[in-house]
Amino acid sequence: MNEPRMTVPAFRARKGAGTPLVVLTAYDVATTAAAEAGGVDCLLVGDSLANVVLGYDTTLSVTMEEMLHHARAVGRARTRALLVADMPWLSYHLGWKDAVKNAARFVRDAKADAVKVEGGAKRLPVIRAILDAEIPVMGHLGLTPQSVLAMGGYKVQGRSEDAARLLLEDAKALAETGVFAIVLEGIPESLAARVTDEIAVPTIGIGAGARCDGQVLVIHDLLGMLPGPVPKFVRRYARAQEESAEAIRRWAADVRARAYPGKDESYG
Ligand code: KIV
């Protein structure tokens, strides 16, 4: 029998349930199919699309139209997992009306169940407006890549006592405002554990240690789909890039040797 589709309330109810939530990014039909076949609870159309699919240097370059183009593909391919779409930079910074309209495009056009918004206290008015439009919101605190210029690079956040206190306050404010989960990225494990213990919604960690209510990774990192180094927190479960290159080398050699296509691969 088919598993029922994951909903926002069901996802939220997994807070403290024992079995951690599993979230993975997806950007197209192939990554959605692989993630769902792998049994993830939630697909995130992350704005990491900018880096791992579109070749931009930072997530500041990816546009609403580009995000929608990929979110629609994931929406068409998704069968069961919760679908969260990342609000790209400037899609929620120019006022709450703009933010609600952009969030609604993900729901209408891409069949997203929720959107993700980076930032703490200063984003509360916009988050409230999106929630008022009945669109669930996932928060995102810590190393928020859209703040790369303000942070002066991709640095672990919340290391000082003051920074840790502010992050905890932000997490509490987001949870009280009504987000259904919060991504904690690039913060010390002890701070992530404290946030997890003190808020009522699931925390989803990435580079935030093992004490969160769930984990998220970028699928390209998990599967080794790109060459080059990966951040410390990534564990590679496959070498897809190397295996793909090797498969292509074998196919190219067969073509050059006229060993492909064979009789069985040709129409009579
Ligand atoms: O854009 C993204 O992929 C993300 C996750 C890494 C949390 O925001």
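Nothing here was measured: the structure is a model prediction, and the numbers come from that model.
Criterion: ILVMFWY side-chain heavy atoms under 4.5 Å apart, direct or through other members. Under it, L124 and L166 are not part of a common hydrophobic cluster. Hydrophobic clustering (side-chain heavy atoms under 4.5 Å, transitive across Ile, Leu, Val, Met, Phe, Trp, Tyr) groups V230 together with L226. Linking Ile, Leu, Val, Met, Phe, Trp and Tyr residues whenever their side-chain heavy atoms come within less than 4.5 Å places Y92 and M64 in a single cluster. Taken together through direct or relayed side-chain contacts under 4.5 Å among Ile, Leu, Val, Met, Phe, Trp and Tyr, Y237 and L24 form part of one hydrophobic cluster. Linking Ile, Leu, Val, Met, Phe, Trp and Tyr whenever their side-chain heavy atoms come within less than 4.5 Å puts V74 and L68 in one cluster.
The distance from atom CZ of R235 to atom CD of Q215, rounded to the nearest 0.5 Å, is 10.0 Å. Taken to the nearest 0.5 Å, the CD atom of E198 stands 5.0 Å off from the CG atom of L168. The line from CG of L43 to OG1 of T79 is 8.5 Å long, rounded to the nearest 0.5 Å.
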Quick one: do L54 and V62 satisfy side chain to side chain contact (heavy atoms under 4.5 Å, CB included)? Show the steps, please. CA-CA 8 Å; L54 300 180; V62 74; 4.0 Å; yes
Please test T25 against L217 for side chain to side chain contact (heavy atoms under 4.5 Å, CB included), starting from the C-alpha separation and ending with a verdict. CA-CA 7 Å; T25 65; L217 276 182; over 6 Å; no
Test side chain to side chain donor-acceptor pair (under 3.5 Å) on T63 and E66 and set out the steps. CA-CA 5 Å; T63 65; E66 288 167 327; 3.3 Å; yes
For D86 and M67: C-alpha separation, side-chain torsions, deciding distance, then whether side chain to side chain contact (heavy atoms under 4.5 Å, CB included) applies. CA-CA 8 Å; D86 226 352; M67 286 297 299; 3.8 Å; yes
Run the numbers on Y154 and V148 for side chain to side chain contact (heavy atoms under 4.5 Å, CB included), then give the verdict. CA-CA 6 Å; Y154 299 101; V148 61; 3.5 Å; yes
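Side-chain atoms of D98 never come within 3.5 Å of backbone atoms of L94 as a donor-acceptor pair (strictly under, hydrogens ignored). The main-chain N or O of A208 is never found under 3.5 Å from a side-chain atom of E185 such that the two would form a donor-acceptor pair. Remark: side-chain polar atoms of E118 are paired, donor with acceptor, to backbone N or O of Q146 under 3.5 angstrom. Judged purely by atom type and a 3.5 angstrom limit, R194 has no side-chain atom pairing as donor or acceptor with the backbone of A164. Looking at R80, its side chain does come within 3.5 Å of a backbone N or O of V40 through a donor-acceptor pair. Formation of a donor-acceptor pair under 3.5 Å by the T31 side chain with backbone atoms of D28 is found in this model. Using a distance-only test at 3.5 Å, with no hydrogens or angles considered, no donor-acceptor pair links the side chain of E36 to the main chain of A34. In terms of modelled atom types and a separation under 3.5 Å, the side chain of D221 and the main chain of V234 share no donor-acceptor contact. With D41 contributing its side chain and L21 its backbone, the two residues share no donor-acceptor pair below 3.5 Å. A donor-acceptor pair is defined here as one N or O able to donate and one able to accept, closer than 3.5 Å; such a pair exists between the side chain of T7 and the backbone of A10.
For the side chain to side chain contact (heavy atoms under 4.5 Å, CB included) with I182, the qualifying choice from V137, T196, I199 is I199, the only one to do so.
When all heavy atoms are compared, the tightest approach of A163 to G158 is CB-CA, 3.7 Å.
Donor-acceptor pairing under 3.5 Å is lacking for the side chains of T58 and Y56. For T32 and Y27, the side-chain atoms include no donor-acceptor pair closer than 3.5 Å.
Between R165 and E161, every side-chain heavy-atom pair lies at or beyond the 4.5 Å cut-off.
Salt-bridge formation is not detected for the pair K172/E169: no Lys NZ or Arg NE/NH1/NH2 atom is positioned less than 4.0 Å from an Asp or Glu carboxylate oxygen.
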